[in-house]
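These notes concern the structure reproduced below.
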Amino acid sequence: MRTLSSDLKDHIGKTVHIQGWLHKKRLLGGLTFINIRDRRGLVQVVIQDKGEVEKLRGMQIGTVLAVDGKAVEEKRAPGGAELHDAKVNVMVPVTDEPPIEIDKPLSHKPDNLDTLFEHRVIGLRNLQEKAVFEIQATVCDAIRGYFKDNNFTEIHTPKLLAEATEGGAEVFKLDYFGKVATLAQSPQFYKQMMVGPFERAYEIAPVYRAEPSATTRHMTEYTSVDGEMGFITLKDLEHFLSGLLRASVDAAWDKHETELKRWNATKPELPTDIPALTLAEVHEKYSKATGDDTVGEKDLRPDEERWICDYAKKHLGSEAVFITEWPASEMKFYHKANEKDPEIADRIDLLFRGVEITTGSMREHRHAILVSQLKELAKGDPKDPGFEPLLTAMRYGMPPHGGFGLGLERLTEKIIGFNNVKEATLFPRDINRLSP
RNA sequence: GGGCUCGUAGUGAAGAGGCCUAUCACGCCUCCCUGUCACGGAGGAGAUCGCCGGUUCGAAUCCGGUCGGGCCCGCCA
């Protein structure tokens with residue numbers, strides 16, 4: 001029976017069998033300490049028998065070991081317990097020296113990120129590095145829980161599509177048995193259609209963007225958290241997103257405070273209702289403060305996103321901020337213009353610690369208006385197989401509805417306090433990286 | 001796609017015309033060490049300074065090209 005590192009203290013005085021990876025060797029002459037890593041953490045093994053130590057000669061970090069020994073309470077040991085009288089069995093010997101060291105923090109300096117990703121397979125064995133993805137898994141769990149608590153149904157939509165549809169982002173094209181298929185840039189139309197059957201639906205899945213962007217915010221493949229709900233208003237969406245962000249952050253801090261502090265993370269300040277500013281207000285404040293005139297611009301500059309987040313932290317008591325009242329002239333064809341002011345789109349962006357993590361909007365659910373917006377804004381053909389199903393949904397009854405897309409890696413990045421989204425991505429994909 | 005910037009042992013860094021036969025730390029190998037936990041100590045191996053060309057008596061160092069990173073902008077989320 002295998003005992004896990006975390007359970008050693010429950011077996012004091014007993015002989016136990018542990019299995020894991022050699023994580024660290026410390027040879028002190030007559031006394032040798034080794035750390036063994038398993039899925040729960042590390043266990044310290046003390047070896048005095050020269051013959052047992054000799055079995056580890058030439059064995060590199062990463063060697064897979066099984067060790068039998070006696071669990072002993074020991075104040076001087078990490079975790080308060082350790083293994084004595086160890087009998088070592090090398091299950092899988094490793095004699096090649098690892099390309100990077102994993103028992104100390106890996107360099108996350110921008111210049112060294114390439115090395116970090118090149119040796120990702122080994123680097124993730126570093127406890128601090130793998131914690132990034134344990135935190136991400138917790139965030140993902142929290143998001144699922146929040147959706148579930150709000151009566152959403154999880155869906156899985158196709159990533160292979162017939163046409164380039166949404167407009168905006170470039171899509172990847174690929175050969176599909178002689179036809180051209182595209183990779184989904186978002187589950188946008190499918191999640192909207194699924195409001196019909198489910199009223200509330202969500203998906204957490206990869207999406208693909210063929211934009212040749214080389215920034216700290218962009219990848220060609222990322223994990224999109226998509227939600228869509230019927231019978232709501234833009235204000236409802238705002239509340240929902242406030243709750244979603246707080247649930248994510250709280251779960252991460254409840255479960256991983258130690259790891260987050262090791263990354264020098266601070267718990268973000270987030271009020272119950274995240275403050276909202278209009279796009280015009282942001283331009284005005286930014287222009288006044290920096291002397292860089294952005295008034296009248298139809299989007300936010302990256303520097304404005306950073307600046308307004310600093311502003312919100314200092315003056316609004318929040319490290320996240322909603323941006324509202326976007327120009328209707330720039331909206332996607334499936335967005336809905338504001339009923340009272342048709343110059344404004346019912347769209348809302350959520351900025352968190354300097355980056356946009358979410359875009360949400362009300363969708364145009366009235367068939368006739370959607371058809372005309374499709375023709376005018378996207379120059380699209382309603383008969384196109386890429387658009388036709390969405391229009392069918394509207395034709396046969398869709399309530400006012402809205403939804404959002406959230407970048408899981410950007411959220412994780414900013415919870416931990418990284419500056420590059422790729423640091424929060426297991427195996428990042430960008431314009432020049434396809435491997436590992 | 002544009003601008004700026006960086007490529008030096010396995011990893012991280014120093015060196016900015018001759019002090020370089022290239023320095024340091026970690027890792028690796030050998031030896032010493034019984035409470036380490038980024039253990040400590042002694043010794044050793046490991047780099048044609050990304051690549052190609054040029055300037056110069058002399059290039060890791062200057063110039064041009066090239067390849068590969070990074071950051072910002074654009075595009076986008």
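Naming convention: chains lettered A, B, ... in sequence-line order (proteins, then strands); numbering from 1 in each chain.
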Before giving the answer on ring pair (Phe, Tyr, Trp, His ring centres under 6.0 Å), spell out for A/W263 and A/H256 the whole-Å C-alpha distance, their side-chain angles and the decisive distance to 0.1 Å. CA-CA 11 Å; A/W263 278 113; A/H256 302 286; over 10 Å; no
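- Every pair tested for salt bridge (Lys or Arg N to Asp or Glu O under 4.0 Å) that includes a residue from residues 7-16 of chain A fails, sequence neighbours excluded, so the list is empty.
- If you measure from atom CE of A/M59 to atom P of B/C29, you get 10 Å, rounded to the nearest angstrom.
- Among the heavy atoms of the strands lying under 4.0 Å from A/N432 are primed sugar atoms or P, OP1, OP2 only; no base atom is included.
- Residue pairs meeting the salt bridge (Lys or Arg N to Asp or Glu O under 4.0 Å) criterion with at least one partner in residues 127-143 of chain A, sequence neighbours excluded, are A/R120-A/E129, A/K130-A/E134.
- Checking A/T294 against A/E304 by side-chain atom types alone, a donor-acceptor pair falls below 3.5 Å.
- Phosphate proximity of B/C71 to A/T215: absent, as no side-chain N or O sits under 4.0 Å from OP1 or OP2.
- With rounding to whole Å, A/R301 atom CZ is found 11 Å from B/C75 atom P.
- Every pair passing salt bridge (Lys or Arg N to Asp or Glu O under 4.0 Å) that includes a residue from residues 422-436 of chain A is listed here, sequence neighbours excluded: A/D114-A/R433, A/E118-A/R433, A/K422-A/D430.
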Spell out protein contact along nucleotides 8-14 of chain B as letters: B when the base is contacted, S when just the sugar-phosphate is, - when no protein heavy atom is under 4.0 Å; keep the 5' to 3' order. --BSSS-
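- Rounded to the nearest Å, the gap between the C1' atom of B/C49 and that of B/U23 is 13 Å.
- With both pairing distances under 3.5 Å, B/A47 is matched to nothing as a Watson-Crick or G-U wobble pair.
- Of the charged side-chain nitrogens involved, none lies within less than 4.0 Å of a carboxylate oxygen, so that A/R209 and A/E221 do not count as a salt-bridged pair.
- Between the CD atom of A/E297 and the C1' atom of B/C76 there is a distance of 16 Å, given to the nearest Å.
- Donor-acceptor pairing under 3.5 Å, judged by distance alone, is absent between the side chain of A/S213 and the base of B/C76.
- Rounded to the nearest Å, the gap between the C1' atom of B/G15 and that of B/U61 is 9 Å.
- Across the C1' atoms, B/C24 and B/A9 are found 12 Å apart, a figure rounded to whole Å.
- Under 3.5 Å, the side chains of A/Y208 and A/K159 contain no donor-acceptor pair of N or O atoms.
- Taking the six-membered ring where the residue is Trp, A/F189 and A/F387 present tilted rings, their angle falling between 30° and 60°.
- The distance from atom NE2 of A/H108 to atom C1' of B/C71 is 18 Å, rounded to the nearest whole Å.
- With a cut-off of 3.5 Å on both Watson-Crick or G-U wobble distances, the partner of B/G10 is given as B/C26.
- For B/G58 and B/G18, the P atoms lie 14 Å apart once the distance is rounded to whole Å.
- Atom C1' of B/U21 sits at a distance of 39 Å from the matching atom of B/U36, rounded to the whole Å.
- Pair assignment for B/G1: B/C73, on the basis of Watson-Crick or G-U wobble contacts that are both within less than 3.5 Å.
- Nucleotides B/U48 and B/A22 have their C1' atoms positioned 12 Å apart, rounded to a whole Å.
- Of the residues near RNA chain B, A/L300 and A/K24, the one whose nearest nucleotide (by heavy atom distance) lies more toward the 5' end is A/K24.
- On the P atoms, B/G70 is 14 Å away from B/A13, given to the nearest whole Å.
- Whole-Å rounding puts the A/I431 CD1 to B/C76 P distance at 16 Å.
- Nucleotide B/C62 forms a Watson-Crick or G-U wobble pair with B/G54, both donor-acceptor distances falling under 3.5 Å.
- Using a 3.5 Å distance cut-off with no hydrogens or angles, the side chains of A/T216 and A/N419 do not pair a donor with an acceptor.
- Between A/N420 and the phosphate of B/G70, there is no side-chain N or O to OP1/OP2 separation shorter than 4.0 Å.
- To the nearest 0.5 angstrom, A/E305 atom CD is 11.5 Å from A/I357 atom CD1.
- Here the P atom of nucleotide B/G27 and the CG atom of A/D103 are 7 Å apart, to the nearest Å.
- Computed from coordinates, the A/Q128 CD to B/A38 P distance equals 13 Å when rounded to whole Å.
- What separates CG of A/L106 from P of B/C26 is a distance of 17 Å, to the nearest Å.
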Across nucleotides 31-37 of chain B, 5' to 3', mark each nucleotide with B, S or - according to how protein heavy atoms within less than 4.0 Å reach it. S-BBBBB
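- Residues passing the side-chain hydrogen bond (donor to acceptor under 3.5 Å, both in side chains) test with A/D103, sequence neighbours excluded: A/K24.
- The residue A/N419 sits apart from the nucleic acid: no heavy atom pair falls under 4.0 Å.
- Remark: A/R217 is in phosphate contact with B/C73, judged by side-chain N or O atoms under 4.0 Å from OP1 or OP2.
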